[in-house]
Amino acid sequence: MFFLTGWFLVNIVAPLGLPLFGIAVLKLLPLPPQPALKFMTAVKDGQLCWAVIAMGASTIYELWEALEAHRPVPEWAPVALGATIVMMLPAMVMAASGAVFSTPLLSAPAATAKAWIAHYKVFVGSLIMTLIAALTYSELHFSLPAP
């Protein structure tokens, strides 16, 4: 199972999980009065898209390196390359715009899942792109023969 490998932990899990761990560490500090630090604070404005950009760059690098070394690549690699490049542009815009256009945290639970998704649409979009980027990067990495 590839998701139990060191590569997967270092290249997928750590970049996505460590910022959330940072929120937990901040909760231990005697900070001035402020709204509670919540998980959504760290991801609601498209911050996951920074990981999409990094995984996309790594995907392109791994494919480029394999091609330069004349190693065989999967038949679907050109599609993965194109999709990765195309996805990196909206990820870049979404990640950068999240710093300017902040989504307020919900003060009360949303009435329905549909309402929650509508409110946190940037987070949901970034989560979907993150899953696609992680899957593409992982699948390509494990489909390439070792150097």
Side-chain angles (χ1 to χ4, degrees), residues 1-29 34-106 109-110 112-147:
M1 301 182 108
F2 75 85
F3 58 86
L4 296 177
T5 68
W7 180 92
F8 189 78
L9 293 174
V10 168
N11 290 286
I12 306 295
V13 175
L16 294 175
L18 287 175
L20 302 177
F21 178 72
I23 292 289
V25 171
L26 287 175
K27 287 182 177 184
L28 300 173
L29 299 175
Q34 62 185 15
L37 292 172
K38 297 179 180 179
F39 165 76
M40 284 307 292
T41 305
V43 295
K44 67 182 175 60
D45 295 318
Q47 292 93 329
L48 290 175
C49 287
W50 294 116
V52 170
I53 295 164
M55 286 186 270
S58 294
T59 301
I60 293 167
Y61 175 78
E62 277 207 37
L63 184 57
W64 184 274
E65 188 178 60
L67 291 169
E68 273 193 336
H70 303 290
R71 295 188 343 233
V73 297
E75 290 181 16
W76 50 266
V79 174
L81 175 64
T84 297
I85 292 169
V86 167
M87 190 168 55
M88 287 173 74
L89 179 62
M92 175 194 63
V93 171
M94 193 179 292
S97 66
V100 178
F101 306 108
S102 182
T103 302
L105 288 170
L106 287 173
T112 64
K114 187 176 181 180
W116 188 89
I117 290 168
H119 182 78
Y120 289 120
K121 61 187 166 283
V122 173
F123 164 70
V124 172
S126 69
L127 180 63
I128 291 167
M129 286 195 297
T130 301
L131 294 173
I132 292 169
L135 180 65
T136 304
Y137 183 28
S138 299
E139 189 63 33
L140 180 70
H141 174 81
F142 290 105
S143 295
L144 294 173

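In this text, all values refer to a predicted model and were calculated from it rather than measured experimentally. These numbers come from the heavy atoms of this one structure, side chains and all, not from hydrogens, waters or symmetry mates.
- From M55, atom CE reaches atom OG1 of T136 across 9.5 Å, with rounding to the nearest 0.5 Å.
- Residues C49 and M129 meet the side-chain proximity criterion, which asks for heavy atoms closer than 4.5 Å.
- Residues M87 and T84 have side chains not in contact (no heavy-atom distance under 4.5 Å, counting atoms from C-beta outward).
- For the residue pair V10 and P15, the shortest heavy atom distance occurs at O-CD, 3.3 Å.
- One N or O on the side chain of S126 and one on the backbone of F123 form a donor-acceptor pair closer than 3.5 Å.
- Looking at W116 and P109, their side chains never come closer than 4.5 Å, going by heavy atoms from C-beta outward.
- Atom CG of N11 is separated from atom OG1 of T59 by 9.5 Å, given to the nearest 0.5 angstrom.
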Exercise answer: donor-acceptor pairs, residues 69-79 side-chain atoms, under 3.5 Å, sequence neighbours excluded:
from : atom 1 : to   : atom 2 : distance (Å)
R71  : NE     : P145 : O      : 3.0
R71  : NH2    : P145 : O      : 3.3

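- For the atom pair CG of L48 and CD1 of I128, the computed distance is 11.5 Å after rounding to the nearest 0.5 Å.
- When each of W7, F8, Y137 is tested with F142 by the rule ring-ring contact (aromatic ring centres under 6.0 Å, His included), just one qualifies, namely W7.
- Distance OG/S138 to CD1/I12: 4.0 Å, rounded to 0.5 Å.
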List, one per line, each side-chain donor-acceptor pair under 3.5 Å for residues 94-106, sequence neighbours excluded.
from : atom 1 : to  : atom 2 : distance (Å)
S97  : OG     : V93 : O      : 2.9
S97  : OG     : M94 : O      : 3.2
S102 : OG     : K44 : NZ     : 2.9
S102 : OG     : D45 : OD2    : 3.2
T103 : OG1    : D45 : OD1    : 3.3

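- The CG atom of L140 sits 9.0 Å away from atom CG of L81, with the distance rounded to the nearest 0.5 Å.
- L144 places a side-chain heavy atom less than 4.5 Å from the side chain of E62.
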